[in-house]
Amino acid sequence: MQTFLLQTDRLLLQPHQPGDWQAFHRLAEDSRVMRYITGGIPFPPERSRAFVARQQAHLVAHGYCRWKITLPETGEY
């Protein structure tokens, strides 16, 4: 399978990797971030892990998924 990567002047967009759930979870457990997604209800760790796993499976099955966005200079999620 081909891996895609898109880089802009400020951001790097790419498919999730297995260990990315922890970085995703730092955002998903923040009620200020989640107010736009779940009305402010944070994800428990297992839901963050499942989200990343679903994105990986979706990429394999369909050739696309929701990408992670990081800062190219630091790798910060």
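Going from atom OG of Ser48 over to atom CD of Glu29 covers 7.5 Å, rounded to the nearest 0.5 Å. Put simply, CG on Asp20 and CD on Gln14 are 7.5 Å apart, with the number rounded to the nearest 0.5 Å. The CD atom of Gln22 lies 8.0 Å from the CZ atom of Arg49; values are rounded to the nearest 0.5 Å. Here the CG-OH distance, from Leu12 to Tyr77, works out to 12.0 Å after rounding to the nearest 0.5 Å.
You'll find the side chain of Leu13 stays beyond 4.5 Å of the side chain of Leu5, heavy atoms only. Between Pro15 and Tyr64, the closest side-chain pair of non-hydrogen atoms is not below 4.5 Å. Between Ile37 and Met34 the shortest side-chain heavy-atom distance falls below 4.5 Å. Under the 4.5 Å side-chain criterion, counting only non-hydrogen atoms from C-beta, Thr38 is in contact with Phe43. Within the 4.5 Å cutoff, side-chain heavy atoms of Gln56 are placed close to those of Val52. Residues Arg66 and Phe51 form a side-chain contact, since some pair of their non-hydrogen atoms from C-beta on lies under 4.5 Å apart.
Ile69 and Phe24 end up in different hydrophobic clusters when Ile, Leu, Val, Met, Phe, Trp and Tyr side chains are linked at under 4.5 Å.
Annotation: side-chain contact (heavy atoms from CB on, under 4.5 Å) contacts of Glu76 (sequence neighbours excluded): Leu71, Thr74.
A donor-acceptor pair under 3.5 Å is absent between the side-chain atoms of Asp30 and the main chain of Leu27, judged by distance alone.
With respect to His16, the side-chain contact (heavy atoms from CB on, under 4.5 Å) criterion is satisfied by exactly one of Lys68, His58, Arg54: Lys68.
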